[in-house]
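All residue numbers refer to positions in the sequence shown, counting from 1.
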Amino acid sequence: MAGVLKNVFGGAQPSNAASEDGDFADFVKAPEPSPAPIVESPSTPFGQVGAEPVPYTKWYRVWERTSPKDFMQEAMVMPIILLIVIFHFWGTRKNRRRATEWATAHATALRNEFAVVGFDGISKSEDAVSVELTNPKSILKERSPQEFSAYATGRQNVAFLDVAIKMPKRANPVTYYMDQVFAFFFDSWPAPEEHFEATAYTFDGKEKDLVPVPGNDTSSLKVNNSTHDGFIFAIVHKNHMRNFRNDRYDASMTFTKDNAKLPQWVTVMTENAEITETLLTPELIQAVEQAGHNFKYLIVTDQPVDKPTKIEETTPRKRVQLCVPLASSAAGYASTLPLFNQYLRLPDRIVTLGHFRPEVMRKIRNVREEEIKKLRRLDEQEKAEERKLAAEKLKKEERERTLRGMNAEEQRKYLEREAQKEQRRSMKKNTRRA
């Protein structure tokens with residue numbers, strides 16, 4: 001016991017005390033382990049002794065822990081992705097080539113009729129024109145991989161010309177083949193088509209408002225009288241006649257009649273026979289015959305394509321439109337170029353001869369006024385409905401305000417009176433019906 005106290009209070013203790021007394025064996029300090037030998041690895045910097053070794057396993061050696069079987073999923077997906085990318089570049093390139101072929105075939109006709117062709121807004125000199133003829137892409141703008149556009153201005157009687165070239169979505173294989181399949185099985189699904197639609201907007205006597213004059217001196221601008229009557233006249237291929245009438249509001253306002261002067265595969269849609277006799281020139285007839293089946297429609301109109309829902313949308317907007325399918329090559333437009341030239345010069349004939357007898361225009365105006373009256377009646381009905389809803393809303397708010405200012409008994413009596421009034425009202429209605 002004395003040895004224990006002496007050991008606790010700092011007394012000297014023999015080195016074999018723990019072995020003599022088993023109670024203090026757990027407090028004996030364990031010997032320190034000997035240091036592990038240092039193994040230098042190839043990645044240990046020279047002279048850096050004591051750095052921990054880097055274990056080298058198969059995790060860092062990809063070629064040892066993997067095999068081609070581990071990449072079977074990627075091997076199945078990569079060809080599909082590669083095929084989509086190749087199809088995209090093929091479709092985009094082909095659409096650009098088709099648009100360039102159209103520009104190559106029609107660039108000369110556009111530059112012969114318009115002072116400015118393209119979107120830069122700069123009139124070209126003779127040297128610049130000769131250079132641009134070798135680069136027809138200069139008159140095109142790519143709106144999307146399947147839609148291109150062209151623009152021209154600077155001509156008498158025509159404010160500007162817009163051309164929209166539309167092609168199938170070849171850049172997207174899924175959409176492209178889905179359109180083909182759905183069009184084959186469903187009549188309501190339109191088949192992908194390649195065509196260009198040119199729209200020439202006539203001045204109609206508004207040159208001073210649209211043509212910029214240096215110094216804003218509009219009095220010095222000398223122009224001819226380009227006003228003409230508003231009417232609808234169309235030459236339509238019979239294969240497209242049904243869709244043409246169903247898809248266009250202005251075409252629904254005309255009557256269809258074959259003309260002996262025209263080929264049997266086309267028909268005329270117009271509002272009056274006098275309009276047909278005036279615009280159907282021998283040159284235009286010959287151009288339609290030469291175009292053959294590579295032709296969809298030619299229309300002179302002042303009404304919107306979509307059915308107007310407001311009176312403001314019935315404002316006349318006079319224009320001339322031509323729609324022709326795209327040819328397989330630039331040389332394939334030889335049959336439709338005469339028709340395109342006649343189309344560009346048609347506004348001149350409209351300005352010169354587009355003034356018809358008062359009896360003819362009276363009938364045309366009556367049809368338009370009848371459509372405007374329908375829209376006006378619909379507009380009045382909508383406004384009356386809005387007024388009715390507003391009055392009902394105010395009445396409901398007033399009722400809620402009145403009920404909030406009453407106690408429970410007053411509210412009960414008020415609701416009972418309302419129920420009695422509603423019952424008497426329904427009884428009167430039943431009596432009148434009987």
Side-chain angles (χ1 to χ4, degrees), residues 98 101-102 105-106 109 161 163-168 179-180 183-184 186-200 231-303 305 319-350 353-354:
R98 301 299 296 274
E101 290 172 353
W102 178 91
H106 296 81
L161 173 74
V163 180
I165 305 172
K166 298 180 181 180
M167 289 168 283
D179 289 342
Q180 298 282 355
F184 180 79
F186 304 102
D187 294 336
S188 59
W189 194 276
E193 294 181 349
E194 291 183 322
H195 66 270
F196 76 90
E197 186 178 43
T199 305
F231 58 90
I232 302 173
F233 167 79
I235 303 175
V236 187
H237 196 285
K238 290 183 178 179
N239 291 344
H240 308 280
M241 181 176 62
R242 179 179 179 183
N243 293 335
F244 183 76
R245 179 176 288 277
N246 294 335
D247 297 341
R248 297 184 62 112
Y249 165 76
D250 50 5
S252 65
M253 302 175 65
T254 63
F255 64 88
T256 305
K257 186 177 182 181
D258 292 344
N259 193 291
K261 299 179 182 179
L262 288 170
Q264 60 180 357
W265 59 82
V266 296
T267 187
V268 175
M269 292 183 178
T270 184
E271 295 178 290
N272 192 279
E274 184 176 330
I275 299 174
T276 304
E277 295 299 326
T278 302
L279 298 183
L280 208 57
T281 60
E283 294 80 8
L284 182 59
I285 296 172
Q286 184 179 358
V288 173
E289 291 177 351
Q290 189 172 351
H293 295 283
N294 299 323
F295 165 70
K296 294 185 70 173
Y297 61 82
L298 169 67
I299 181 171
V300 182
T301 180
D302 66 331
Q303 295 298 302
V305 176
R319 59 199 184 279
V320 185
Q321 290 181 314
L322 172 69
C323 186
V324 176
L326 294 182
S328 58
S329 63
Y333 290 103
S335 61
T336 58
L337 270 176
L339 180 61
F340 186 74
N341 291 326
Q342 289 297 319
Y343 158 75
L344 294 179
R345 295 165 189 160
L346 187 58
D348 300 335
R349 185 170 182 82
I350 295 173
L353 302 176

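A heavy-atom distance below 4.5 Å is found between the side chains of M241 and T267. Side-chain contact between Q342 and L284: present, with at least one pair of heavy atoms (C-beta onward) separated by less than 4.5 Å. Counting only heavy atoms from C-beta outward, the side chains of Y297 and L322 never approach each other to under 4.5 Å.
Of all the heavy atoms in P192 and A183, the pair that sits closest is CD-CB, 4.5 Å. Scanning all heavy atoms of the two residues, the minimum distance from P263 to E289 falls at CG-CG, 3.3 Å. Pairing each heavy atom of Y333 with each of P325, the nearest pair is CE2-O, 4.4 Å. The shortest heavy-atom contact between N341 and A109 is OD1-CB, 3.3 Å.
Under the 4.0 Å criterion applied to side-chain N and carboxylate O atoms, K261 and E277 are assigned as salt-bridge partners. K296 and E193 are joined by a salt bridge, as a carboxylate oxygen and a charged side-chain nitrogen come within less than 4.0 angstrom of each other. Using a cutoff of 4.0 Å between basic side-chain nitrogens and carboxylate oxygens, R98 and E194 are scored as salt-bridged. Salt bridge present: D258 and K238 bring a charged side-chain N and a carboxylate O closer than 4.0 Å.
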For T256 and T270, what are the C-alpha separation, side-chain angles and deciding distance, and is it a side chain to side chain contact (heavy atoms under 4.5 Å, CB included)? CA-CA 7 Å; T256 305; T270 184; over 6 Å; no
Take V163 and W102, measure what side chain to side chain contact (heavy atoms under 4.5 Å, CB included) needs, and give me the verdict at the end. CA-CA 11 Å; V163 180; W102 178 91; 3.6 Å; yes
Test side chain to side chain contact (heavy atoms under 4.5 Å, CB included) on V324 and L298; report intermediate values, then the result. CA-CA 9 Å; V324 176; L298 169 67; over 6 Å; no
Working note: Q290 + L339, criterion side chain to side chain contact (heavy atoms under 4.5 Å, CB included); need CA distance, chi angles, decisive distance, verdict. CA-CA 8 Å; Q290 189 172 351; L339 180 61; over 6 Å; no
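Qualifying side chain to side chain contact (heavy atoms under 4.5 Å, CB included) partners for D302, counting only residues two or more places apart in sequence or in other chains: I232, P316, K318, R368.
Between the side chain of Y343 and the backbone N or O of P338 there is no donor-acceptor pair closer than 3.5 Å.
Separating the CD atom in Q286 from the OG1 atom in T281 is a distance of 10.0 Å, to the nearest 0.5 Å. One finds the CE atom of M269 at 12.0 Å from the OG1 atom of T276 (value rounded to the nearest 0.5 Å). A distance of 12.0 Å separates OG of S335 from CZ of F295, quoted to the nearest 0.5 Å. For the atom pair NE2 (H195) and CE (M167), the distance works out to 10.5 Å, reported to the nearest 0.5 Å. Interatomic distance, CD1 of I299 versus SG of C323, reported as 11.0 Å (0.5 Å rounding).
Side-chain N/O atoms of R248 and T301 include no donor and acceptor closer than 3.5 Å. For the residue pair Q303/R319, the side-chain donor-acceptor check at 3.5 Å is not satisfied. Q321 and T199 form a side-chain donor-acceptor contact under 3.5 Å, judged by distance and modelled atom types alone.
Around CD of E274, the count of heavy atoms belonging to other residues, nucleotides or ligands within 6.0 Å exceeds 12. Around atom CZ of F184, no more than 12 heavy atoms belonging to other residues, nucleotides or ligands sit under 6.0 Å away. Summarising the local packing, CH2 of W265 is surrounded by more than 12 heavy atoms from other residues, nucleotides or ligands at distances under 6.0 Å.
Taking the six-membered ring for Trp, F340 and H106 have ring centres closer than 6.0 Å.
Only one option out of N259, I285, V300, L280 pairs with I235 in a side-chain contact (heavy atoms from CB on, under 4.5 Å); it is L280. Only one option out of I275, T254, T278 pairs with F231 in a side-chain contact (heavy atoms from CB on, under 4.5 Å); it is I275.
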